[in-house]
Number of protein chains: 2
Amino acid sequence: MERPELPLPQLHAFAVLAEELHFGRAATRLGIAQPPLSQQIRRLEEKVGHALFSREPGHVALTPAGRELLPAARRALSDLAEGLAAARAVGSGRAGCLRIGFAASLALTVLPGLLHTFRQRFPEVRLNIHEMTTAPQIAALHDKTIDIGLLREPPTDEPGLGFETVLSEPFVAVLPSAHPLAATRTVETAQLADSPFVLLPREVGPGLYDRITGLCTAAGFTPRVAQHAVEWQTVCALVETGLGVSLAPASIRRIRLRGVAFRGLRPATARTRVAVAWRSNDPNPLVSRLLATVSQVPQRGLL
Amino acid sequence: MERPELPLPQLHAFAVLAEELHFGRAATRLGIAQPPLSQQIRRLEEKVGHALFSREPGHVALTPAGRELLPAARRALSDLAEGLAAARAVGSGRAGCLRIGFAASLALTVLPGLLHTFRQRFPEVRLNIHEMTTAPQIAALHDKTIDIGLLREPPTDEPGLGFETVLSEPFVAVLPSAHPLAATRTVETAQLADSPFVLLPREVGPGLYDRITGLCTAAGFTPRVAQHAVEWQTVCALVETGLGVSLAPASIRRIRLRGVAFRGLRPATARTRVAVAWRSNDPNPLVSRLLATVSQVPQRGLL
DNA sequence: TGAGCTGATATCTCTAGGCGTATGGAGCGC
DNA sequence: GCGCTCCATACGCCTAGAGATATCAGCTCA
């Protein structure tokens with residue numbers, strides 16, 4: 001890339017004069033007197049090395065060289081004007097792109113309302129959403145693959161990231177319809193001590209995993225994990241086949257399967273937190289706007 | 001069109017830094033010291049109103065706003081560089097476009113050699129050729145529809161235009177094969193006194209028309225015009241049908257029709273001139289180059 | 001022939017900005 | 001802790017160029 005030879009103000013004057021083909025009128029449009037315009041054009045012609053306009057008395061016209069330069073000048077000017085406007089829009093947070101990671105179980109609860117409200121407020125902002133579990137979200141935030149995370153059971157101390165609780169929801173027991181406890185309205189955690197468990201593997205969300213096993217420990221038993229599955233959808237399907245039972249955030253009641261029953265869990269104080277996460281030093285104004293939107297939109301949990 | 005807000009040198013620095021993502025290296029590539037580069041970027045950022053680069057220690061990266069501005073800046077810079085190069089090429093006469101009018105009868109004689117030679121010398125020049133008779137060429141030169149004319153019997157005094165004889169060629173008699181004179185090797189003009197004539201209308205080429213009727217007058221008769229036709233091709237076709245005879249520049253021997261005979265004309269001093277014509281004040285360097293080419297390429301007439 | 005329009009020239013002012021050197025300050029590795 | 005890298009800041013110099021006013025020159029038209 002060589003250094004630019006032609007100053008933009010001169011090219012602007014050139015473009016306007018090329019439209020008016022009249023020094024006086026062009027100068028007026030540019031908001032300057034006529035002699036300075038003559039100078040601008042002359043300077044530009046000197047730099048190009050050839051006349052750009054032919055000045056016959058009473059008639060200004062583009063030379064072939066001028067005709068060649070004009071489209072380039074126009075494009076450059078409009079490109080820059082548009083680019084500047086776009087950069088300002090993005091810089092001010094009016095437009096741009098925000099990459100959001102979210103836990104699958106939120107696709108039916110907090111996410112839709114959030115997206116809807118944010119899109120209404122900032123229609124020019126493009127939202128790229130990516131389903132991912134907690135641990136990958138943390139990693140993606142660190143290497144800037146996403147800008148916002150919506151995750152369960154945020155780690156208590158993750159340097160460089162900020163968290164804020166969006167929603168706290170109770171746990172439910174996930175049972176096969178045929179399970180004896182499915183007949184009751186609520187389930188005591190301890191009553192699950194003898195059933196095999198279907199859980200998400202610890203790696204995809206250590207916080208939630210530890211939270212669930214913690215509930216069991218608190219109830220006096222260690223859960224026996226019969227099977228792991230990476231999605232709640234799959235967990236429910238496995239429960240339906242009678243492979244075991246599970247404990248899950250109440251949100252997954254939205255997953256409707258005929259052979260699966262969701263029952264309230266006691267103690268009712270057992271709750272799981274959903275949090276929004278971001279890089280604490282992220283200068284992107286869209287991030288703070290999304291955080292503001294999150295805290296303004298009331299999040300209603302299930303149960 | 002608003003006045004440009006961003007100076008090009010700063011945009012250039014911006015583009016280079018966006019490639020290097022390193023102030024020191026970018027400054028080196030720009031051939032300046034590092035502090036000035038920091039200034040350029042800062043000034044640009046002030047004008048845009050937002051940071052374009054994020055400077056974390058040991059790591060320079062584009063902000064979203066910078067990413068938005070970059071493609072526009074690149075396009076503007078390359079557009080201008082290309083536009084400038086093109087304008088210079090055209091201005092210096094290395095490239096461009098030349099519109100040439102030519103008499104149909106020259107399509108098979110002077111035109112091909114001229115085009116060939118010129119194209120070899122200036123391969124970047126586009127030649128637009130338009131078949132037209134003498135009078136329209138004069139008009140087209142005046143209103144700049146063409147830049148060069150190749151015509152027969154140039155007017156002796158046409159203000160604003162320059163002419164130079166390219167070729168002087170004899171006349172031939174155009175006869176139906178069945179015509180008694182077709183049996184002889186050459187024809188005396190006076191021998192055609194009793195034959196009806198097929199000629200081009202005077203309007204399309206008054207010079208040539210007057211030249212032909214002048215030959216007849218000199219031979220002691222006024223030609224009786226049985227039919228006009230606007231193209232030599234048609235004239236020959238009409239002669240072939242026996243409608244009459246004609247006098248034409250020797251070039252049209254190239255038109256081969258079975259029923260038509262071309263015979264040399266006496267007096268042999270009767271010749272017609274082909275000239276190149278141009279606007280005498282045309283600043284287009286291509287015009288003078290074409291004129292130079294014309295005078296350097298030896299033009300060989302027929303007979 | 002004189003008025004009016006159009007563009008070029010001359011001259012002056014002023015400032016934005018491009019570049020340099022010198023220096024400061026934050027991280028990072030030894 | 002020391003030095004190194006990397007970027008920012010401060011200050012000074014100097015030129016390009018954008019703007020103004022005043023004036024001139026060529027053409028047209030009444």
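In what follows, chains are A, B, ... by sequence order, proteins preceding strands, each numbered from 1. Being a predicted model, the structure only gives us computed values, none of them experimental.
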**Student:** Select from A:Glu5 and B:Pro36 the residue whose nearest nucleotide in DNA chain D is closer to the 5' end of that strand.
**Tutor:**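 This one resolves to B:Pro36.
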**Student:** Do B:Ser168 side-chain atoms and B:Arg273 backbone N/O form a donor-acceptor pair below 3.5 Å?
**Tutor:**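 No, B:Ser168 side chain to B:Arg273 backbone: no donor-acceptor pair under 3.5 Å.
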**Student:** I'd like to know if the side chain of A:Gln137 pairs up with that of A:His130 as donor and acceptor (distance under 3.5 Å, no hydrogens or angles considered).
**Tutor:**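 No donor-acceptor contact under 3.5 Å links the two side chains.
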**Student:** Decide, yes or no, whether a salt bridge links A:Arg202 with A:Asp210 under the criterion of side-chain N to carboxylate O below 4.0 Å.
**Tutor:**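 Yes.
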**Student:** Within the structure shown, what part of the strands sits under 4.0 Å from B:Pro35 by heavy-atom distance: base, sugar-phosphate, or nothing?
**Tutor:**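 Result for B:Pro35 = base.
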**Student:** Would you say D:dG19 has OP1 or OP2 under 4.0 Å from some side-chain N or O of A:Gln40?
**Tutor:**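 Looking at the OP1 and OP2 atoms of D:dG19, one of them is under 4.0 Å from a side-chain N or O of A:Gln40.
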**Student:** Determine: side-chain N/O of A:Arg43 to OP1/OP2 of D:dA18, distance under 4.0 Å, yes or no.
**Tutor:**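 Yes, within the criterion.
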**Student:** Can you find a side chain N or O atom of B:Lys47 that sits less than 4.0 Å from OP1 or OP2 on C:dA16?
**Tutor:**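 Answer is no, no contact under 4.0 Å.
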**Student:** For the pair A:Thr145 (side chain) and A:Leu141 (backbone), establish whether a donor and an acceptor sit closer than 3.5 Å, ignoring hydrogens and angles.
**Tutor:**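 It does not hold such a pair.
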**Student:** Heavy atoms only, 4.0 Å cut-off, all strands: where does A:Gln10 land among base, sugar-phosphate and nothing?
**Tutor:**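 Since only primed, P, OP1 and OP2 atoms lie under 4.0 Å of A:Gln10, the category is sugar-phosphate.
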**Student:** For C:dG27 and B:His59 - does any side-chain N or O of the residue sit under 4.0 Å from the phosphate oxygens OP1/OP2?
**Tutor:**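 No, B:His59 has no side-chain N/O under 4.0 Å of OP1/OP2 on C:dG27.
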**Student:** Under 4.0 Å from OP1 or OP2 of D:dC6: is there any side-chain N or O of B:Arg55 that close?
**Tutor:**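 For B:Arg55, the contact criterion (side-chain N or O under 4.0 Å from OP1 or OP2 of D:dC6) is not met.
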**Student:** So, under a plain 3.5 Å distance rule, would you say the side chain of A:Gln39 forms a donor-acceptor pair with the base of C:dA8?
**Tutor:**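 In this structure, the two groups form no donor-acceptor pair.
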